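Whatever order the structure lists them in is the order used to number ligands and atoms, beginning at 1. Since this is a predicted model, take the numbers as computed values, not measurements. Along the sequence shown, residues carry numbers from 1.
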Amino acid sequence: MVNHVATSPYDKLPIGVYTCDEEGYVTSCNESVIALWGRRPEPGAEKWSGAWKIFDEDHRLLSPDEYPVAIVVREKKIIPNAGYIIEQPDGKKRDVLISCIPTFDDFGQFTGTINTLLDITEQKASEARQSMMASIIESSDDAIIGRTLDSIITSWNHTAEILFGYSEAEALGRHINLIIPPDKLEEEKLIISKISRGEKIEHFETYRINRDGRQIPISLTVSPIKDAKGAIIGASKIARDITRQKMAEDLIRNYASSLAAEVAERTESLSKTIEALELARTELDEALTNEKQLGQLKSRFVSMASHEFRTPLSAIKLSSSLVEKYAGTYDTANVNKHVGKIKNAVSNLTNILNDFLSLEKLEAGKIETDMAGFDLVKFAEEVRDEMQLVARAGQQIVYQHTGETGFAVLDRNLLHNCIINLLSNAIKYSPEGSMIELDTEVTESQYFITVRDHGIGIPKDEQKHLFEAFFRANNTGTIEGTGLGLNIVSRYTTLMSGQITFESKTGKGTHFTLAFPASP
Ligand code: ATP
Ligand code: MG
C-alpha cells in the first residue's frame with residue numbers, strides 16, 4: 001500500500017487513466033479521470049476507485065466489492081470496456097466505459113491494475129435523441145421520407161409503407177419518382193430547386209401515386225436536411241394523406257350544389273304557386289265584382305219595378321172607387337161586389353210590393369231605426385181598427401193592455417209593419433168567426449206585444465224554418481202569401497234590439513210575442 005496518489009504520466013491524455021496497487025489502492029491518476037470523478041482521491045486511502053458513487057448501466061448502485069478494480073484484483077482478469085455510470089459529489093452523472101487490466105512483474109507476481117475511463121455521456125445522449133427521433137418518425141401518422149438532393153430515397157417510415165404500398169426495404173435506394181405521377185415531375189423539380197436554396201415548403205397540396213397506381217391527394221411539407229457543417233444534403237418530406245379531407249370537401253361541395261338546386265326548384269314551385277294564387281284571386285275578384293253588379297242590378301230592378309207598379313195600382317184603386325161612386329142607380333150590389341174584389345186584389349198586390357221593398361232595403365242595409373216615444377195603447381188601438389176592416393167574416397180582433405203606462409220608445413213605422421204582418425197572418429190562418437187577440441204590456445224594463453189566434457197552427461217539424469225568407473208551411477193550402485212577412489218582422493225586431501218568440505200547435509192556434517228592452 002502506498003500512501004500517496006502520484007500524478008500520472010498520462011495527465012494530458014483525453015481519457016481518464018489511473019492505477020491501483022495489488023491491494024486495489026489508487027496509486028496514480030491523471031487530470032482527465034479527476035475531472036470525470038469530480039474529485040481528487042485522498043492519497044493512499046481510497047480503494048478501487050476515486051469515484052463518489054458507481055452505478056451499473058441499469059442505474060443500480062454498486063457496492064465497493066462490485067467495482068471493476070475489485071473484481072480484477074480478485075480474479076486477475078481483464079475487464080474490457082464495461083459500461084458504468086459515475087456520480088460526482090455535486091450529483092452530476094457521467095456515462096463511462098471502464099477498462100481494467102491486471103499488471104504482473106517479471107516473476108508473474110500480480111502487482112496491481114491499470115484502468116481507463118472513457119467519457120461517453122455525449123454519445124449516449126445523442127444515441128438516445130436519435131432513437132427517440134427514430135421512434136417519433138416511425139410512429140408518425142404522416143408519411144416521412146428522407147431523400148438526397150439527387151432524389152434517392154434514404155429513409156421511409158411505417159406510414160409511408162402503408163400509404164404508398166412499398167416496404168422500407170423496397171423503397172430505400174430507389175428514385176423518388178417511384179411515387180410521383182408523370183404529370184407532377186415538373187413540380188418535383190421546382191420543389192428541389194427551392195430546397196437547394198434552403199427554403200421550406202409547407203402544406204402544399206398535390207397528388208402522389210401508390211403501388212397500385214392510385215392517385216392519393218396529399219398535403220406536402222418539405223424541409224432541407226443539412227449536414228454538421230450546414231450544407232444541404234437532402235430533403236425530408238412529410239406527406240399527409242388528405243383523401244378523407246378531400247372527400248369531405250367534395251361531399252360539402254356536392255351537398256351545397258344540390259342544396260342550391262333544391263332551393264332553385266322550391267323557389268320556382270313557390271313562384272308558380274304564387275302565380276296560381278294571384279290568378280285565383282283575380283278570378284275571385286272578377287266573380288265578386290260580377291256578383292256585386294248583379295246584386296245592384298237586382299235591387300235596382302226590384303225598387304224600380306215596385307215603384308212602377310205602385311202608380312198604376314193606385315190609379316186602378318182610384319178608378320174603382322170612382323166606378324163605385326158613379327155606378328149610382330145601377331145594379332149596385334153586383335158593381336159593389338166586383339169593385340170590392342178589385343180593391344182586395346190591389347191591396348194584396350200593394351202588400352207584396354211593400355214586402356219586396358222592405359226586404360230590398362234590409363238587404364242593402366238602408367233601414368235605419370228612428371226610435372221615439374209614443375203612446376203604445378193608442379197606437380195598438382189604431383192598428384187593431386185598421387186590421388179589423390180587413391178581417392174575415394165574423395173575426396173579432398180583441399185588444400188588451402197591461403201596465404200602469406202605455407208609453408214606449410220604439411220605431412213606430414217598423415213596429416206598425418210588424419204588428420200588421422202578425423195580425424194579417426192571424427187573420428189569414430184562422431177560420432171565419434174566430435177570435436184574434438192583440439195584447440200589449442209595458443213594464444219598467446220591457447215592452448211586450450203578443451198576437452194570438454186559434455187557427456191552423458204551424459207543423460212542429462217545419463217551425464225551425466219559420467223566419468227564413470220565402471218559407472211557407474205545407475198546411476197553408478190555397479191561402480196566398482209569399483213567405484216574406486215573418487222574415488221582415490224578425491229583422492225589424494232585431495233592428496229595434498228586440499226578440500221574437502212563438503208557440504204554435506197545428507189545429508189549435510199560434511201566438512207570437514215581440515219583446516223589446518225599455519229605453520231608460
Ligand atoms: P206574406 O209574405 O204575404 O206574409 P206568408 O204569410 O205566407 O206570406 P209569413 O208571414 O212569412 O209568410 O209566414 C210564413 C209562413 O208561416 C206562412 O206561410 C205560414 O205557413 C206560417 N204562418 C205564419 N203565421 C201563421 C199563423 N198565425 N198561423 C199559422 N201559420 C202561420
Ligand atoms: Mg204573412
Are there any N/O pairs under 3.5 Å between ligand 1 and the protein, and if so, what are their distances?
| from | atom 1 | to | atom 2 | distance (Å) |
| --- | --- | --- | --- | --- |
| ligand 1 | 2 (O) | T482 | OG1 | 2.7 |
| ligand 1 | 2 (O) | G483 | N | 3.4 |
| ligand 1 | 2 (O) | L484 | N | 3.0 |
| ligand 1 | 2 (O) | G485 | N | 3.0 |
| ligand 1 | 6 (O) | N425 | OD1 | 3.0 |
| ligand 1 | 6 (O) | K428 | NZ | 3.1 |
| ligand 1 | 6 (O) | Y429 | OH | 3.0 |
| ligand 1 | 7 (O) | Y429 | OH | 2.9 |
| ligand 1 | 7 (O) | R472 | NE | 2.6 |
| ligand 1 | 7 (O) | R472 | NH2 | 3.3 |
| ligand 1 | 8 (O) | T482 | N | 3.0 |
| ligand 1 | 8 (O) | G483 | N | 3.0 |
| ligand 1 | 10 (O) | N425 | OD1 | 3.1 |
| ligand 1 | 10 (O) | N425 | ND2 | 2.8 |
| ligand 1 | 11 (O) | G485 | N | 3.2 |
| ligand 1 | 11 (O) | L486 | N | 2.8 |
| ligand 1 | 12 (O) | G483 | N | 3.4 |
| ligand 1 | 18 (O) | Y429 | OH | 3.2 |
| ligand 1 | 18 (O) | R472 | NE | 3.2 |
| ligand 1 | 20 (O) | A473 | N | 2.9 |
| ligand 1 | 24 (N) | N425 | ND2 | 3.3 |
| ligand 1 | 27 (N) | D453 | OD2 | 2.9 |

Regarding R384 and the six-membered ring of Y399, is the cationic atom NZ or CZ under 6.0 Å from the ring centre and inside 45° of its axis? no
Test your reading of the model: is there a side-chain donor-acceptor pair from Q388 to the backbone of I397, 3.5 Å cut-off? yes
Any protein N, O or S atom under 2.8 Å from the Mg ion (ligand 2)? Found N425 OD1
Between CD1 on residue I191 and CD on residue E188, distance to nearest 0.5 Å: 5.0 Å
Hey, what do you get for CD1 (I145) to CD1 (I238), rounding to the nearest 0.5 Å? 10.5 Å
Donor-acceptor pair, distance only, cut-off 3.5 Å: does the side chain of T282 make one with the backbone of E278? yes
Taking the side chain from N157 and the backbone from A143, do they hold a donor-acceptor pair closer than 3.5 Å? no
Closest heavy-atom contact between T440 and A380? CG2-CB, 4.1 Å
Under 3.5 Å: donor-acceptor pair, side chain of N475, backbone of I458: no
Looking at CD1 of I137 and CD1 of I144, how far apart are the two atoms once the value is rounded to the nearest 0.5 Å? 5.5 Å
